[in-house]
Amino acid sequence: MTIQKAVIPAAGLGTRFLPATKATPKEMLPIVDKPAIQYVVEEAVRAGLDDVLLITGRSKRSLADHFDAAPELEQALEAKGDTERLAKVRASSELGHVHFVRQGQPKGLGHAVLQAKHHVGHEPFAVLLGDDLIDERDELLSTMLTLQERTGGSVIALLEVPPSQISLYGCAAVEPLAGQGSGGDADQVRVTALVEKPDADEAPSNLAIIGRYVLNAAVFDVLERTEPGRGGEIQLTDALATLADLPTEQGGGVYGVVFRGRRYDTGDRLDYLKAVVQIASDRPDLGPDFRSWLTEYATTLD
Ligand code: G1P
C-alpha cells in the first residue's frame, strides 16, 4: 500500500514573529516570494503525498485562500497577458488535494496530530512541520517512506546537532538497524528511546528530531492516552517513545533516518533571515544579482 496522506500542523500562534503574525499566520511569511507553507506542501506532493491535511486554528483563513483558486486575480493577470505570474498564482491552487481541520485548543504538537485521526484512518501517513524546510535537491521524505514500508513502524528524521543545542529538540537514543549488514545504510537506525527537549547533560545522544515523520496510525491511540508532558503540552515525542516499546504487531517500532543534507529552520527570526538569504542566493533568477550585492555588502560589515 502506498502512503498518500501528509499532515501539516499549522495552528501555532507565531508569537516569535509578532507583530507580523498578529493578523497573518506565520506559515504565510514569505521565503523570498513564496509563503513558507507552500515549500512544505510542495515537498509532500513531490514525495507522492497528494492528500494534504493542514491542522489550523483561528485567524488562519489566508492559508485556505492561498491554496484555493483566485478567479479575479487570475482574470486580471490573463487580461494583461502576464502568463508567468498567472502560472505562479495557479500553481499554489493546483498542488494536490489540500484539506483543513482546526485544532480548537493549542494543546501541543501531539494534540495537533491527533486532530488528523478521522481524516487519516488506519493507513500510515507523513507529518511535516512547517518550521523546517528541506532543500529540494536533497532526499529525505522518500527515504523515510521507503523505510516505513520496509519496517511497518514509524520513522523520524534525525539531525546531528552540537550538544549545546539538543535541549531545543526532541532527542533519540539509537542502535544499528538489525539486518542492515555491512552493505547497509549507516544513516538508518532503530530508535530505542526518545525524550523531548532534554537538558544537555541528560540527553541520550546528539541526534535531534527534525520536522519530518512517517507514522504508523497506531500513534493515534497512543496519543489519546498520552498525558501532557514538557511545557504542559501533549508531545508527539512522548507518543513515539511509547511506540518504540510496542511490538510490531501493535504498530510499534520506531526507526530513524539521519539527514545530512541542507535544512533551513524558519522557526525564529534569526534562522528565518538566514533561510531567506540562503534560498535567495540559490535562486536562478535572483541569485546572481543577490549574491554579488551580498558579497559587496559583507565587506562593509565589521
Ligand atoms: C517540535 C517537536 C520536537 C522537534 C521539533 C523539530 O518542537 O516537539 O521534538 O525536535 O519540533 O523542529 P517545537 O520546535 O515545535 O518546539
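Indexing begins at 1, ligand by ligand and atom by atom, following the structure's order.
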By side-chain hydrogen bond (donor to acceptor under 3.5 Å, both in side chains) - contacts of R291 (at least two apart): none

So, do R102 and Q115 sit near enough that their side-chain heavy atoms are less than 4.5 Å apart? no

Are a donor atom and an acceptor atom from the side chains of H111 and E233 found within less than 3.5 Å of each other? no

Could I get the full list of side-chain hydrogen bond (donor to acceptor under 3.5 Å, both in side chains) partners for Y272, not counting sequence neighbours? none

Sub-3.5 Å donor-acceptor pair from the side chain of N216 to the main-chain atoms of G152, do we have one? yes

Per-pair distances, 0.1 Å, donor-acceptor, side chain in residues 234-257, under 3.5 Å, sequence neighbours excluded:
| unit_1 | atom_1 | unit_2 | atom_2 | d |
| --- | --- | --- | --- | --- |
| Q235 | NE2 | R230 | O | 2.8 |
| T237 | OG1 | E196 | OE1 | 2.6 |
| T242 | OG1 | D238 | O | 3.3 |

Expected rows: ligand 1 N/O, protein N/O, dist below 3.5 Å:
| unit_1 | atom_1 | unit_2 | atom_2 | d |
| --- | --- | --- | --- | --- |
| ligand 1 | 7 (O) | K197 | NZ | 3.4 |
| ligand 1 | 8 (O) | E196 | OE1 | 3.4 |
| ligand 1 | 8 (O) | E196 | OE2 | 2.7 |
| ligand 1 | 9 (O) | G170 | N | 3.1 |
| ligand 1 | 9 (O) | E196 | OE1 | 2.7 |
| ligand 1 | 9 (O) | T237 | OG1 | 3.2 |
| ligand 1 | 10 (O) | G170 | N | 2.9 |
| ligand 1 | 10 (O) | I209 | O | 2.7 |
| ligand 1 | 12 (O) | D132 | OD2 | 3.2 |
| ligand 1 | 16 (O) | K197 | NZ | 2.4 |

